[in-house]
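First comes the structure, then the notes that go with it.
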Amino acid sequence: MAKIKKIYICSNCGENSPKWAGKCTACGEWETFQEEIIAKGDKREEKKKVYRASSQKKDAPTPVILPEIKAGNTQRIIAPDQELNRVLGGGIVSGSIVLIGGQPGIGKSTLLLQLAIKLPNRILYVSGEESEEQIKMRADRVGEPASECYILTETGVDKILNHADKLTPELIIIDSIQTLVSPFIESAPGSISQVRECANELQRYAKETGIPVFLIGHINKDGAIAGPKLLEHLVDVVLQFEGDRNYTYRILRTVKNRFGSTNELGIYEMQADGLREVPNPSEILLSQHDDVLSGSAIAATLEGLRPMLIEIQALVSTAVYGTPQRSSTGFDLRRLSMLLAVLEKRCGIHFGANDVFLNIVGGIKSDDPAMDLSVVAALISSLEDVGIPNRVCFAGEVGLSGEIRSVNRIEKRIQEADRLGFEQIYISKYNTKGINIDEYNIEVQTIGKVDELFEALFQ
Ligand code: TYD
Ligand code: MG
């Protein structure tokens, strides 16, 4: 009989300790230690012996001098989904482990089932969360299976790998890592040691066989992938699927990528028949109204490396109660307060007794500093109740002394605005180095201070 042993593991960094402690000695986080039960003795010892034996096999790896390693071109499966290829850095690398995190209901299962259905390769889709019928119903919604897509509803990691051995799929999808259990660990599914053990097991399998594995991971309320950070260290690629559930747009962001850039971004739209790729985000994110409305301004932003034009809406109204409200959706509230303070102090525009509401259209969140200028324009436009002409957009950061600062990749922003038929773009006057503003059809207006924007637009 295996002896039961309790240990405490830090949910932030994975440090373990035989005693509970309020503060983790390794990462300094408070209240992160969680109780875990591990089996000591029989099973672990047996397993260790097996590993020892396998490491003495003839084909076990030995040290190789770097110049002698052949670079061989990495094999990649090119997905039928261009947005996914983009975030993965050009396709699914063989033997890689990709973790997709996201809030419940955002569309993780839909994204990967759709991939499984559309890829012409043999695929093993393992679900510990839904029954075969549920998956079938979803699959019917998203399209005709063109592939050999096998569905397995199983949670034991050893059994899954046995099936994989027999089936020899070209891709394994696990929905989700938190439901898997390893027989070598006694704690409940989803606990730190289970998640870590199962992920380790799958990683070893992927590296040995060259079969890429996709893992779906739930995220906790702070937005981190539940389970220790360790999971993120272990996998090759971490993707974050995000969006507002009340809107249809979803963004797939690269958080970590051992095979490509982390600046990439995929955009999807959730429809009744699954996720649709959105190759041209600006065209749908701009609302289609022809009349000039006050309080609305267009920002030429950059998400990752993708230029996008998005609409900012502001509403400034007289406060009914004593303390005026400040509310913002998709834009950092502290940044909004800072911009209001700059407008008060540097331009003498007072918002003191007004409620201020700010919204980025389409449920998009952005922390691009270049949005500042459009936020300021939207705020003044709403306060003065004067609309900004339709075909005008903005890209600039606002500094504390009211100066307009330059932003990165300005040519890309100008080009995108130009391509979409905008007539004017306001940028910082310090941002014109290395670009020829005459080569575009769009008129590039350069300004140095917030007051100049006020004069140019509202006087
Ligand atoms: P799901 O993939 O189950 O989310 P996750 O695995 O991240 O928890 O997505 C669920 C949501 O997507 C659900 O609320 C319904 C919606 N949906 C559509 O709008 N259209 C579709 O074709 C599908 C399959 C789901
Ligand atoms: Mg799911």
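First listed ligand is number 1; within each ligand, the first listed atom is number 1. Numbers for residues simply follow the sequence, beginning at 1.
- The nearest protein heavy atom to atom 11 (C) of ligand 1 is closer than 4.0 Å.
- Every atom of ligand 1 with a heavy atom of D273 under 4.0 Å away is listed here by number and element: 22 (O).
- Under 4.0 Å is where a charged nitrogen must lie from a carboxylate oxygen, and between D372 and R335 at least one such pair does.
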Practice item. Verify side-chain contact (heavy atoms from CB on, under 4.5 Å) between T248 and Q271, making sure each step is shown before the conclusion. Key: CA-CA 7 Å; T248 54; Q271 293 185 332; over 6 Å; no
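- Between E416 and R419, at least one side-chain nitrogen of the basic residue sits less than 4.0 Å from a carboxylate oxygen of the acidic one, meeting the salt-bridge criterion.
- Taking every non-hydrogen atom of G107 and a distance limit under 4.0 Å, the qualifying atoms of ligand 1 come out as 1 (P), 2 (O), 4 (O), 5 (P), 7 (O), 9 (O).
- At the shortest separation from atom 16 (C) of ligand 1 among protein heavy atoms lies M270 CE, 3.9 Å.
- Residue R138 holds the heavy atom nearest to atom 3 (O) of ligand 1 of all those in R138, R250, H218.
- A salt bridge does not link E133 with K136: none of the charged nitrogens is closer than 4.0 Å to a carboxylate oxygen.
- Between Y426 and F394, the ring planes are parallel. Angles under 30° get that label, and only those over 60° would be called perpendicular.
- Under a 4.0 Å N-O distance rule, the pair E242/K365 does not qualify as a salt bridge.
- In the vicinity of P104, heavy-atom distances shorter than 4.0 Å reach the ligand 1 atoms 8 (O).
- The protein reaches atom 18 (C) of ligand 1 closely, with a heavy atom under 4.0 angstrom from it.
- Below 4.0 Å from some heavy atom of Q271 lie the following atoms of ligand 1, by number and element: 18 (C), 19 (O), 20 (N), 21 (C), 22 (O).
- Contact between G274 and ligand 1 is present, with at least one heavy atom of the residue lying under 4.0 Å from the ligand.
- Coordination check, S176 versus the Mg ion (ligand 2): failed, since every N/O/S atom of the residue sits at 2.8 Å or beyond.
- Salt-bridge formation is not detected for the pair R409/D368: no Lys NZ or Arg NE/NH1/NH2 atom is positioned less than 4.0 Å from an Asp or Glu carboxylate oxygen.
- Contact check for V142 versus I117: side-chain heavy atoms found under the 4.5 Å cut-off.
- Polar contact with ligand 1: present for S109 (N/O pair, distance under 3.5 Å).
- For the pair D175 and E130, the minimum side-chain heavy-atom distance is below 4.5 Å.
- Nearest to atom 23 (C) of ligand 1 by heavy atom, out of E269, E129, R141, is R141.
- Below 3.5 Å of separation, one finds an N or O of G105 facing an N or O of ligand 1.
- Looking at T110, I106, I100 and measuring to atom 25 (C) of ligand 1, the nearest heavy atom belongs to T110.
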